[in-house]
Amino acid sequence: MTQLIQQTGSARGRAVSLNTGKCRIGRNPANDIVVDEPSISIFHGEFSVSDIGVFYTDLGSTNGSFLNGQPLNRGMLGNGQFLRLGSIDFFLLVPPVAVEIPKIIVPEQKHAHFLEDGSPACQEHTEVLAGYRCLKCEEFHCGTCVRRTGLIGKKSLFFCPTCSGKCEPLWSKNSTQRTNPFKSFKSLMARLGHVLYLTRPKNR
């Protein structure tokens with residue numbers, strides 16, 4: 001809590017707490033803070049205390065207000081400053097303003113995983129060959145991870161455990177050996193190159 005500590009005058013050493021809101025200071029008993037000194041005006045000044053600090057306004061006093069020796073009509077007051085009203089000095093104790101910075105949560109980035117032969121691996125089980133690819137988020141999943149729905153005797157549907165999007169199988173149901181489908185194109189080009197090499201006419 002902000003405190004105003006009187007440094008000079010008959011009430012030297014008195015500490016007054018400044019509550020949140022407006023607080024007037026002067027000689028008149030109607031003030032929130034009464035300072036019975038000849039150099040203090042009847043209604044000398046007004047403090048406005050809020051969460052962001054303390055603002056002071058001089059109410060047209062006869063002998064003026066001064067902050068660290070400089071004339072002050074209106075302005076913010078800081079911790080450890082000296083405020084003089086007339087010929088009476090006050091010391092300010094202003095607590096630091098607590099500013100909370102909201103925490104920014106960065107979502108964890110997911111990356112595709114592949115086996116040693118280049119085949120796609122399951123997003124969760126990185127050492128297991130993926131059998132399905134999500135058409136929405138494009139993640140790869142194994143048969144354990146995907147959600148399967150369908151009526152008896154009907155074709156089953158597969159859905160992604162991450163985004164609930166529809167998944168498509170990566171491998172043929174009747175395939176006896178699960179090979180990397182991404183190698184098919186490379187193998188085809190290799191065989192085609194071999195055929196072209198055998199049928200290329202020899203130089204005479």
Side-chain angles (χ1 to χ4, degrees), residues 1-3 17-22 47-56 74-81 92-204:
M1 181 176 290
T2 300
Q3 285 191 320
S17 297
L18 300 179
N19 298 319
T20 301
K22 292 185 177 181
F47 298 95
S48 295
V49 183
S50 65
D51 293 336
I52 62 173
V54 181
F55 191 85
Y56 176 81
R74 302 179 69 217
M76 292 294 296
L77 306 180
N79 182 49
Q81 292 182 324
L92 285 161
L93 284 177
V94 182
V97 179
V99 179
E100 292 187 4
I101 300 176
K103 294 182 179 179
I104 300 176
I105 301 176
V106 180
E108 181 182 356
Q109 298 295 325
K110 290 188 176 182
H111 305 281
H113 302 281
F114 296 91
L115 302 179
E116 292 183 359
D117 64 350
S119 301
C122 175
Q123 186 68 41
E124 298 298 328
H125 307 98
T126 56
E127 297 181 356
V128 177
L129 180 70
Y132 303 87
R133 181 178 71 92
C134 177
L135 298 177
K136 183 177 179 181
C137 68
E138 298 186 349
E139 287 187 357
F140 294 101
H141 299 284
C142 64
T144 304
C145 292
V146 293
R147 297 201 299 267
R148 180 178 307 185
T149 61
L151 299 175
I152 298 177
K154 299 291 182 179
K155 184 178 180 180
S156 297
L157 297 177
F158 304 94
F159 295 93
C160 176
T162 302
C163 69
S164 299
K166 187 177 180 181
C167 292
E168 65 173 0
L170 290 175
W171 320 99
S172 172
K173 183 177 180 182
N174 298 323
S175 176
T176 57
Q177 183 179 5
R178 292 186 172 183
T179 58
N180 185 355
F182 299 102
K183 289 186 176 181
S184 301
F185 180 75
K186 183 184 294 185
S187 300
L188 175 62
M189 294 302 294
R191 290 198 302 270
L192 181 60
H194 182 67
V195 172
L196 291 176
Y197 177 78
L198 292 176
T199 57
R200 185 176 61 181
K202 297 182 179 180
N203 295 330
R204 294 180 179 179

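As the structure is a prediction and not an experimental result, all values here were calculated from the model. The residues of the chain are indexed from 1 along the displayed sequence. Note that these values count all heavy atoms, side chains included, but never hydrogens, waters or copies made by symmetry.
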By side chain to side chain contact (heavy atoms under 4.5 Å, CB included) - contacts of S17 (at least two apart): M1, Q3
Residues L129, L115; criterion side-chain contact (heavy atoms from CB on, under 4.5 Å); working and verdict: CA-CA 7 Å; L129 180 70; L115 302 179; 3.8 Å; yes
Sequence-distant partners of Y56, ring pair (Phe, Tyr, Trp, His ring centres under 6.0 Å), two or more places apart: F47
Euclidean distance, L18 CG relative to L93 CG, rounded to 0.5 Å: 10.0 Å
Contact list for residues 129-138, test salt bridge (charged side-chain N to carboxylate O under 4.0 Å, His left out), sequence neighbours left out: R133-E168
Considering all heavy atoms, the nearest A112-F114 contact: CB-CE1, 3.9 Å
Chi angles and distances behind the side-chain contact (heavy atoms from CB on, under 4.5 Å) call for C160, H141: CA-CA 8 Å; C160 176; H141 299 284; 3.4 Å; yes
Minimal non-hydrogen separation, S50 against T20, with atom names: CA-CG2, 4.4 Å
Q123 side chain near F140 side chain, heavy-atom distance below 4.5 Å: no
Counterpart residues, side chain to side chain contact (heavy atoms under 4.5 Å, CB included), relative to L157 (two or more places apart): T149, F159, K166
V128 to C142 - nearest heavy-atom pair and separation: CG1-CB, 3.9 Å
Any residue meeting side-chain hydrogen bond (donor to acceptor under 3.5 Å, both in side chains) with S164, in chain and number order, not counting sequence neighbours: R147
Smallest separation among heavy atoms of S48 and K22, with atom names: OG-CG, 3.8 Å
Point-to-point distance, once rounded to the nearest 0.5 Å, from CD of E139 to OG1 of T162: 4.0 Å
Step-by-step side-chain contact (heavy atoms from CB on, under 4.5 Å) determination, N19 to V49: CA-CA 7 Å; N19 298 319; V49 183; over 6 Å; no
For the student: nearest non-hydrogen atoms of A121 and T126, plus distance: CB-O, 3.3 Å
Working for side-chain contact (heavy atoms from CB on, under 4.5 Å), residues Y132 and C134: CA-CA 7 Å; Y132 303 87; C134 177; over 6 Å; no
Listed partners of T144 passing side-chain hydrogen bond (donor to acceptor under 3.5 Å, both in side chains), at least two apart: none
